[in-house]
2 protein chains.
Amino acid sequence: MSITPPSSSEPRHPIGVVARRTGLKPDLIRAWERRYGAVAPGRTETRRRFYSDEDIERLLLLRRVVNTGRGISQVAGLSNPELAALIEAEPAPAAYAQPSPAAPEEVDQVAEACLNRCLSAAQRLDVGEMELELDRASVLFSRTHLIERVLVPLMRRIGELWHQGALRPIHEHMASSVVRSFLGGMSGAGHPELSAPHLVVTTPARQRHELGALLAAATAAGEGWQVTYLGPDLPPEEIAAAALQKRARAVGLSITYPPDDPMLVDDLRRLRRLLGPHTLLLVGGRACSAYSAVLQEIGALRLEDLAALRRELHELRTRTPGNFDNIVDNILTDDR
Amino acid sequence: MSITPPSSSEPRHPIGVVARRTGLKPDLIRAWERRYGAVAPGRTETRRRFYSDEDIERLLLLRRVVNTGRGISQVAGLSNPELAALIEAEPAPAAYAQPSPAAPEEVDQVAEACLNRCLSAAQRLDVGEMELELDRASVLFSRTHLIERVLVPLMRRIGELWHQGALRPIHEHMASSVVRSFLGGMSGAGHPELSAPHLVVTTPARQRHELGALLAAATAAGEGWQVTYLGPDLPPEEIAAAALQKRARAVGLSITYPPDDPMLVDDLRRLRRLLGPHTLLLVGGRACSAYSAVLQEIGALRLEDLAALRRELHELRTRTPGNFDNIVDNILTDDR
DNA sequence: AATACATGGACAAATACTTGACATGAGATC
DNA sequence: GATCTCATGTCAAGTATTTGTCCATGTATT
């Protein structure tokens with residue numbers, strides 16, 4: 001990224017743009033200039049005003065100061081730092097309280113209750129209620145607990161009820177839709193360090209069940225990784241393109257359904273080739289054990305469950321990059 | 001930016017093609033060249049312009065910059081990176097402080113700027129940034145504007161860029177994934193009156209593109225309906241079960257892809273039979289016109305676009321239930 | 001022949017500038 | 001308390017500039 005050298009003070013913005021960026025009407029900006037000399041934009045040969053980034057900054061400051069009740073004439077002559085000081089002096093709105101951390105032995109009970117409420121919302125096909133319940137849960141529990149104590153058991157329970165005929169497919173469908181969109185909102189909303197390694201998560205082509213991948217993405221985000229969730233059903237070329245563009249340290253795949261898809265084997269080999277040897281492959285999901293041969297061949301780590309994924313991700317973050325390069329290199333050279 | 005290295009710079013495209021690809025009229029492209037030297041295409045011996053891919057890239061950038069309110073004369077001389085920087089630098093509007101109902105003529109510009117930021121987030125595969133931008137947009141715009149001025153144009157634009165090869169499938173895939181999850185969060189978050197009629201939205205079996213259905217669901221929620229979005233790809237039995245359980249006044253379907261699916265025809269007939277005559281069927285989507293015969297046969301309303309859907313939903317809310325029962329009854333009895 | 005393109009000119013819409021006036025509300029004054 | 005005054009945001013009228021669009025005419029391509 002450029003260090004923004006074009007952030008110089010040369011006037012560049014027409015008044016319309018300035019108005020949109022500051023939320024002040026053009027008339028008002030001109031009035032402030034005319035009456036109080038609040039800003040001194042440059043002009044073109046045809047007398048059109050052109051504002052610099054600093055001018056915009058100043059107008060924003062002025063707007064905030066004026067909004068605190070002071071008259072424009074009082075502050076129009078002040079320097080930018082003085083304006084900033086005035087804003088600082090203004091009392092800040094009160095902060096919010098944060099929820100108390102639940103006692104450890106209570107967690108199970110609370111989770112169970114939450115799970116039941118989700119279940120009954122699913123039975124009633126009440127999307128809003130279920131979303132609400134999940135939102136509440138996301139405040140009560142840590143990400144890990146939320147995933148492993150609420151979401152996973154919930155989907156398992158719904159699956160069971162469905163197979164028993166107690167729920168229709170539509171109920172399972174709707175519940176997984178809600179969980180999916182909930183997880184989608186969750187995996188992005190972290191605040192990872194910029195130095196954190198990058199993980200790209202998806203499912204291979206023809207793998208349309210994305211719940212596992214979403215759970216993995218959320219788990220990784222909880223472990224402090226920078227996660228890019230790509231959505232399901234992607235051919236190896238696209239996965240590799242994304243991984244390269246994001247300079248991902250690792251790629252996570254979830255394989256759920258057909259335990260014998262020869263094209264998937266090919267796709268996995270191709271993916272390894274496209275990625276090059278320096279990107280780690282993490283593979284999980286119900287059906288992934290059926291592919292253990294290929295996975296070993298291409299040097300992919302097979303993760304049995306989310307807890308295993310969590311451990312692996314944690315270890316990876318704290319290890320030096322060089323190490324796996326060696327691991328993968330060795331496996332690959334064996335392969336040749 | 002383009003991941004496709006064969007972005008050759010040899011002039012190849014005549015002005016008509018360039019116009020179609022950039023959305024700029026040929027006259028305008030020539031005017032920009034004549035008056036400001038915005039581009040310098042090659043010429044044949046007979047003085048016909050021939051544009052390179054880079055020229056097209058540049059024109060697209062120029063269009064985006066100009067749409068954010070700058071004069072073409074001010075930016076025509078800038079380099080491509082400088083143009084990209086200007087687009088990047090266009091911040092979210094500072095209109096949060098004041099609940100100004102955004103002057104109607106400004107909406108377009110604000111929407112365009114937002115759209116640009118979403119586009120560049122998609123290009124960078126930056127999921128978090130795109131979600132953030134959509135969240136901001138959801139505060140700035142009404143639901144209708146958000147959908148029809150931001151989301152729909154965004155997906156259309158991304159689709160165009162994808163077909164032109166300027167974006168990889170992965171970019172389109174990721175963007176639609178983000179939009180999907182965003183819409184999923186939106187359609188529930190209404191506060192409909194309890195007396196509002198209920199709408200069940202989904203796509204028929206084998207219809208896996210759910211974007212249209214989600215847009216419809218969000219639109220309906222904006223019109224004050226109680227909406228249950230079921231997710232895509234459902235057989236008629238499940239749709240009917242859900243509609244009956246929710247006592248839905250109407251069922252909305254989106255049909256996007258195969259313009260000739262005989263099983264779909266059967267499914268639609270079956271759905272009507274399962275629903276009984278008192279539930280209205282609303283059908284839209286790119287491919288729905290291909291099924292107009294069946295749709296008429298089963299007494300379904302065909303909606304051309306979201307605006308039509310909006311009008312229809314509005315009218316339905318304000319009409320008495322008895323009326324369509326009659327309408328549907330008539331159609332069905334005709335059919336027997 | 002029909003279509004697509006080039007050129008230069010003309011025109012209209014959009015955007016900006018200036019000046020001046022008006023409405024409103026907060027203080028100051030009587 | 002009524003009135004006056006001033007500060008300030010807004011608007012209108014008239015003009016100028018910028019910019020998108022259209023057209024007439026001629027040439028090239030298909």
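The chains referred to below are lettered A, B, ... by the order of the sequence lines, with proteins before strands, and numbering in each begins at 1. Since the model is a prediction, treat every value here as computed from it, not as a measurement.
- No side-chain N or O of B:Ser138 forms a donor-acceptor pair with one of B:Asp135 less than 3.5 Å apart.
- Applying the 4.0 Å criterion to OP1 and OP2 of D:dT17, one finds that A:Thr44 has every side-chain N and O outside that range.
- At the phosphate of D:dT8, neither OP1 nor OP2 sits under 4.0 Å from any side-chain N or O atom of A:Arg70.
- Both A:Ser73 and A:Asp27 lie near DNA chain D, and the one whose nearest nucleotide falls closer to the 5' end is A:Ser73.
- Taking only side-chain nitrogens and oxygens, B:Arg34 never comes nearer than 4.0 Å to OP1 or OP2 of C:dT7.
- A:Tyr36 has no side-chain polar atom (N or O) that falls below the 4.0 Å cut-off from OP1 or OP2 of D:dA7.
- Between the side chains of B:Ser142 and B:Thr144, not a single donor N or O lies within less than 3.5 Å of an accepting N or O.
- In this entry the distance linking CD of B:Glu33 with P of C:dG8 reads 11 Å, nearest Å.
- With hydrogens and angles ignored, the 3.5 Å screen pairs a side-chain donor or acceptor of B:Glu82 with a backbone N or O of B:Ser79.
- Residue B:Arg49 has a polar side-chain atom (N or O) positioned under 4.0 Å from OP1 or OP2 of C:dT7.
- Applying the 4.0 Å criterion to OP1 and OP2 of D:dT27, one finds that B:Thr46 has every side-chain N and O outside that range.
- Distances shorter than 4.0 Å separate some side-chain N or O of A:Arg30 from OP1 or OP2 on C:dC17.
- Rounded to whole Å, atom C1' of D:dT15 lies 12 Å from atom CZ of A:Arg48.
- Remark: side-chain polar atoms of B:Arg58 are paired, donor with acceptor, to backbone N or O of B:Ala38 under 3.5 angstrom.
- Counting any heavy atom pair closer than 4.0 Å across all strands shown, B:Pro26 reaches no nucleic acid atom.
- The side chain of B:Arg35 places no N or O atom within less than 4.0 Å of a non-bridging phosphate oxygen (OP1 or OP2) of C:dG9.
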